Amino acid sequence: MELKYVRVKYYYGSVGSPISSMTFIANSVMPIIIADGETEYNSLIANEHSFNNGSDLALYFTGKTGYTPNSITMPAFFSSEESFIGYSTYGSYMPLPNLIGYPINTASDIICLIGEYYYKVVEKTYSQVPQVSPIYNKDGSLYSNFDIPCCGSFNNTTHDRAQNRFIIIRKTNDSIDRYMSLRYDITSDGGVIGYYVTNYNSNNALVLTVLNSLVYIDPIVPDTDPYSEGGNTDVGGGTGTFSDTGDNVDFPDNPTLSASNTSFITLFNPTASELRNLANYMWSNPLFDLDAWKKIFADPMDAILGLSIVPVAVPNGGSSVVTVGNIQTGISMTKAGSQFVTVDCGSLNIQEFWGAYLDYDPYTKAEIYLPYIGTHPLAADDIMGKTIHVVYHVDILSGACCAYIKCNDSVLYSFVGQCSCSIPITGNDWTNVINGALSIAASIGNMVATGGMSAPLSLGNIASTAVNSMKPNVEKSGSMGGMGGMLGIQTPYLIITRPRQALPQYQNKFTGYPSFVTMSLGSCTGYTEIDSIHLENIPATQDELNEIESLLKGGVIF
Amino acid sequence: MSFNIIIQRNNSELNRVVKNVDNIITLSGELREATSIIDPIIKIECDIEDIVECNYLTIPVFNRSYFIKNIRSIRNNIVEISCHVDVLSSFADAIKTNTAIIKKQENSWNLYLNDGTFKIYQNPEILTKSFPSGFNTQEFVLAIAGS
């Protein structure tokens with residue numbers, strides 16, 4: 001067998017207080033050499049060897065005569081308190097402290113920790129092919145299948161746990177000398193122990209496959225207090241691509257399905273005279289067959305689903321005779337060609353006033369009034385220097401409208417409202433209209449001023465430009481839906497609140513303007529304040545150099 | 001050692017790197033007493049009336065120019081001049097070879113940087129801009145059950 005080794009570093013014991021030493025208990029069937037530094041301990045000879053907590057141990061599998069590569073066992077390492085190095089979980093590994101309070105006498109998986117990786121044992125009868133595989137790495141990712149190098153034993157007659165130190169491992173369908181019955185337990189000091197409860201009278205047992213392929217496992221380093229070791233900072237960052245592309249978000253298309261497609265409802269775009277003709281037919285036409293009507297509707301007005309005024313040009317769907325229920329009225333009206341209408345309100349090009357930070361939030365504020373919706377704030381950053389395009393999509397059946405605001409190539413804002421005004425044709429309709437008007441009035445009464453930033457008691461060093469952002473934001477309209485909207489302004493408009501700059505003559509000569517570029521001082525002309533400099537190649541004394549830097553930062557004139 | 005002093009009048013701002021100076025008197029002599037090259041105090045023999053309006057001097061041997069901080073009349077025709085080095089003018093050429101991150105500049109700037117340079121009045125300007133079109137019609141819509 002090819003000599004391989006696994007190198008591990010053990011930190012274990014009770015939670016929070018590792019034991020001072022770890023004892024290896026030899027077993028005569030274990031052909032393992034354990035090396036600690038320069039000393040090798042032959043497991044066939046030695047009885048007990050103590051290793052200091054944190055020792056690096058190399059476990060060499062020697063392939064001793066009489067043992068096939070598939071039947072090598074290795075010891076389980078126990079502390080002097082007989083703490084097992086593995087611990088049980090319920091489906092996945094858990095950090096050590098989380099196992100306190102774990103349910104006892106409950107079947108669970110045993111996880112063995114060897115180095116950095118965790119290994120799971122799956123219960124199989126000893127006559128079956130044991131399948132054991134590790135499940136998780138420390139980062140939670142699934143590690144590849146691996147044989148578990150772990151063993152122990154149990155006296156299945158006395159059930160003496162004190163003797164439960166070794167699990168002899170056989171691979172595949174080899175019979176085993178002893179099988180293990182473990183149980184879950186917690187040490188008296190709260191340490192972690194993981195065991196699996198089985199019916200010790202049955203042939204079912206935990207069978208751990210032998211290690212027949214070892215790989216190097218990096219030593220596990222326990223977490224330490226970062227403050228005791230000076231922190232955990234590291235270098236990094238600066239790996240951004242500094243490039244990005246976006247997608248344009250255009251106005252959406254109107255829905256393709258409409259109520260008219262169902263034939264359960266027909267939308268007409270009547271003139272006023274056509275409506276009068278229909279009303280005459282419904283209420284006074286002697287030819288109206290009420291008996292025929294009653295076969296379909298209890299009330300003739302049930303066939304009239306709604307009458308409304310919309311602020312859009314309804315698409316022409318051709319002339320048609322109005323059929324109420326299945327009764328031809330003989331009255332022709334223009335059908336609505338589409339349930340959805342688009343209203344393009346056009347574009348505005350918003351240009352910077354200064355070409356400076358004053359053109360943007362929070363110094364310049366912007367709002368938009370949208371008919372049938374109301375006034376909403378816009379971010380000056382979103383509209384400045386861009387073409388602002390407003391488009392409405394209107395549903396003439398429900399009266400719902402949605403206004404889209406596109407800034408250059410993408411729709412950044414969308415607001416919904418109500419743009420139709422219902423005309424009551426029944427008593428219920430009238431009540432709803434009145435209630436709707438009352439709710440609109442109530443919402444207007446709720447207009448509030450929302451505060452901006454809190455103003456300091458003393459401006460002191462606060463830049464005057466910051467004061468504007470402390471001004472309160474006052475709503476300029478409430479809900480503008482329905483007839484309220486029809487009474488309002490019908491064209492959208494922007495409201496731009498711009499500060500008035502106090503700019504003294506020749507301010508750039510006296511104080512300079514913001515720069516923040518890297519320049520050779522030889523190329524500077526006029527007033528200059530530097531932010532930072534590393535003075536070099538100047539034959540001046542230290543005090544003179546300090547004075548030069550101080551003057552440069554205070555402002556000099558080239 | 002031979003010592004020349006050029007007593008001058010500086011017409012430029014104190015913080016200008018290269019000064020515009022007028023030479024008034026050039027004196028030659030010996031430096032008899034210890035003096036600092038950064039804050040020299042020099043006694044010269046001259047009529048104080050000749051230098052009372054001078055505020056600058058250059059000592060070529062020191063490779064430095066100085067602001068005159070004080071002029072004291074010691075006795076008849078003996079004047080004591082206290083100076084402080086003008087580091088900007090004395091090392092102007094070397095300073096210009098250096099590179100720096102500029103914070104504010106008279107001619108090279110970016111107004112999108114917000115450093116509180118500009119002040120504004122408390123009364124803003126409010127502007128409204130109407131879109132080209134809106135809702136300009138009203139029509140009836142009648143919804144009837146059936147096709």
Side-chain angles (χ1 to χ4, degrees), chain A residues 263 266-268 270 303 305-311 313-314 323 345-346 348 356-357 371 390 396 463-465 490-502 508-509 512-522 525-533 538 540 544 547-548 556-558, chain B residues 12-13 15-18 37-38 63-64 85 87-88 90-91 93-147:
Chain A
S263 294
T266 304
L267 297 176
F268 289 95
L305 301 179
L307 177 64
S308 59
I309 300 173
V310 293
V314 178
T323 302
C345 298
L348 286 178
Y357 64 85
V390 174
I396 62 173
S464 68
T465 49
Q490 300 296 301
T491 303
Y493 60 90
L494 288 173
I495 306 168
I496 297 175
T497 304
R498 179 178 293 132
R500 295 174 57 237
Q501 186 183 18
N508 60 323
K509 293 183 184 298
Y513 287 159
S515 183
F516 211 67
V517 295
T518 300
M519 286 178 68
S520 167
L521 295 183
T525 58
Y527 180 82
T528 304
E529 278 183 35
I530 69 163
D531 183 86
S532 57
I533 190 170
I538 301 179
E544 289 174 321
E547 185 175 351
I548 291 171
V556 299
I557 304 171
F558 282 94
Chain B
S12 300
E13 303 91 334
N15 60 345
R16 184 170 287 276
V17 176
V18 178
I37 67 169
I38 295 177
N63 269 339
R64 283 166 170 77
V85 62
V87 291
L88 292 178
S90 299
F91 305 103
D93 292 339
I95 290 173
K96 289 180 179 180
T97 64
N98 280 264
T99 300
I101 296 176
I102 308 300
K103 182 178 176 182
K104 287 188 176 180
Q105 228 285 317
E106 178 177 335
N107 301 304
S108 179
W109 26 259
N110 187 326
L111 298 186
Y112 292 107
L113 290 169
N114 181 4
D115 68 348
T117 295
F118 299 119
K119 296 192 184 301
I120 59 175
Y121 295 107
Q122 188 68 354
N123 50 338
E125 182 181 359
I126 300 174
L127 184 71
T128 55
K129 285 176 172 286
S130 289
F131 282 82
S133 61
F135 296 88
N136 52 18
T137 186
Q138 290 164 356
E139 295 188 5
F140 290 109
V141 172
L142 178 67
I144 293 180
S147 60

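Residue numbering restarts at 1 for every chain, and letters A, B, ... go by the order of the sequence lines. Just so you know, these numbers come straight off a predicted model, no measurement behind them.
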Contact leader toward chain A among Asn63(B), Ile95(B), Val18(B), Val85(B), where contacts are heavy-atom pairs under 4.5 Å: Ile95(B)
Most chain A-contacting option - heavy-atom pairs closer than 4.5 Å, from Arg64(B), Lys129(B), Gln138(B): Lys129(B)
CD1-CD1 distance between Ile309(A) and Ile396(A), expressed to the nearest 0.5 angstrom: 13.5 Å
Audit row: Tyr357(A), Leu111(B), side chain to side chain contact (heavy atoms under 4.5 Å, CB included) steps and yes/no: CA-CA 6 Å; Tyr357(A) 64 85; Leu111(B) 298 186; 5.7 Å; no
Selection from Ser90(B), Ser12(B), Pro132(B) maximising heavy-atom pairs under 4.5 Å formed with chain A: Pro132(B)
Asn15(B) atom CG, neighbour heavy-atom count above 12 within 6.0 Å: yes
Partner chain B: residue of Thr491(A), Ile496(A), Thr518(A), Ile495(A) with the largest heavy-atom pair count (under 4.5 Å): Ile496(A)
Pairs of heavy atoms under 4.5 Å with chain B: top-ranked of Val390(A), Thr497(A), Asp531(A): Asp531(A)
Partner chain A: residue of Ser108(B), Ser130(B), Ala100(B) with the largest heavy-atom pair count (under 4.5 Å): Ala100(B)
Closest-packed option against chain B by number of heavy-atom pairs under 4.5 Å, given Gly512(A), Gly526(A), Pro311(A), Ala313(A): Pro311(A)
Residues Phe118(B), Tyr513(A); criterion ring pair (Phe, Tyr, Trp, His ring centres under 6.0 Å); working and verdict: CA-CA 9 Å; Phe118(B) 299 119; Tyr513(A) 287 159; 5.3 Å; yes
Toward chain A, the part of Phe91(B) with a non-hydrogen atom under 4.5 Å: side chain
Over 12 non-hydrogen atoms of neighbours within 6.0 angstrom of CZ in Phe516(A): no
Straight-line distance of Glu106(B) CD to Ile557(A) CD1, nearest 0.5 Å: 8.0 Å
Step-by-step side chain to side chain contact (heavy atoms under 4.5 Å, CB included) determination, Leu267(A) to Val314(A): CA-CA 10 Å; Leu267(A) 297 176; Val314(A) 178; over 6 Å; no
Crowding at NZ, Lys104(B) (>12 non-hydrogen neighbours, <6.0 Å): yes
Leading residue by heavy atom contact count with chain A [cutoff under 4.5 Å; candidates Thr128(B), Thr97(B), Leu127(B), Ile37(B)]: Leu127(B)
Top contributor to chain A interface from Ile101(B), Val17(B), Ile126(B) [non-hydrogen pairs under 4.5 Å]: Ile101(B)
Among Leu348(A), Val556(A), Thr528(A), residue most engaged with chain B (heavy-atom pairs, under 4.5 Å): Leu348(A)
Glu13(B) versus chain A, the contacting section by heavy-atom distance below 4.5 Å: side chain
Ile102(B)/Leu521(A) under side chain to side chain contact (heavy atoms under 4.5 Å, CB included): CA gap, chis, key distance, verdict: CA-CA 9 Å; Ile102(B) 308 300; Leu521(A) 295 183; 4.1 Å; yes
Most chain B-contacting option - heavy-atom pairs closer than 4.5 Å, from Ala540(A), Ser515(A), Ser308(A): Ser515(A)
